[in-house]
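Remarks on the structure that follows.
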Amino acid sequence: MSVEISPGVVVLGLFNVLMLCLAFFVRQWMTRQQAEIDSLKTKNTTLTNEFHAYQLSSALNFAQKTEVNDGKKELLEALNSINTKIDRMTDKLDKKADKP
């Protein structure tokens, strides 16, 4: 009993082996790509959570307009007080300079 192998069957067998190797490497590449995508999704989630935390802290620590206006009023009153004191000091110095 002898088995004859035709060239067509050999070529078909080699083609199948090549396709199997190609499928293996494509699967490996796709697995690496999926792992990278998962890693990027994790980083994106982390950055999104950090950004939301920053937005929340900014909203909580944000100065209200009334607080800013009150601070401006206090600053202007302090500057006016300093200005009047400087005016009094210059008036006194002028009076002393005018004395003979």
- Message: Check this for me: Leu75, atom CG, are more than 12 non-hydrogen atoms of other residues, nucleotides or ligands nearer than 6.0 Å?
- Response: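 Buried by this count: over 12 neighbours within 6.0 Å.
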Calculate, to the nearest 0.5 Å, the distance between atoms [atom1] and [atom2] belonging to [X] and [Y] respectively.
X: Ile82; Y: Asp87; atom1: CD1; atom2: CG; result: 12.0 Å
X: Leu47; Y: His52; atom1: CG; atom2: NE2; result: 11.0 Å
X: Lys43; Y: Thr48; atom1: NZ; atom2: OG1; result: 13.5 Å
X: Met19; Y: Leu14; atom1: CE; atom2: CG; result: 13.5 Å
X: Leu20; Y: Phe25; atom1: CG; atom2: CZ; result: 10.0 Å
X: Thr31; Y: Gln28; atom1: OG1; atom2: CD; result: 5.5 Å

Using a 3.5 Å distance criterion without hydrogens, assess whether the side chain of [X] forms a donor-acceptor pair with backbone atoms of [Y].
X: Ser39; Y: Ala35; result: no
X: Asn61; Y: Ser57; result: yes
X: Ser81; Y: Glu77; result: no
X: Asn80; Y: Leu76; result: yes

- Item | Residue pair Asn83 / Leu79, side-chain heavy-atom distance below 4.5 Å |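 No - every pair of side-chain heavy atoms lies 4.5 Å or more apart.
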- Do Met30 and Leu22 share a hydrophobic cluster, counting only Ile, Leu, Val, Met, Phe, Trp and Tyr and linking them when any side-chain heavy atoms are less than 4.5 Å apart?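 Both belong to a single hydrophobic cluster.
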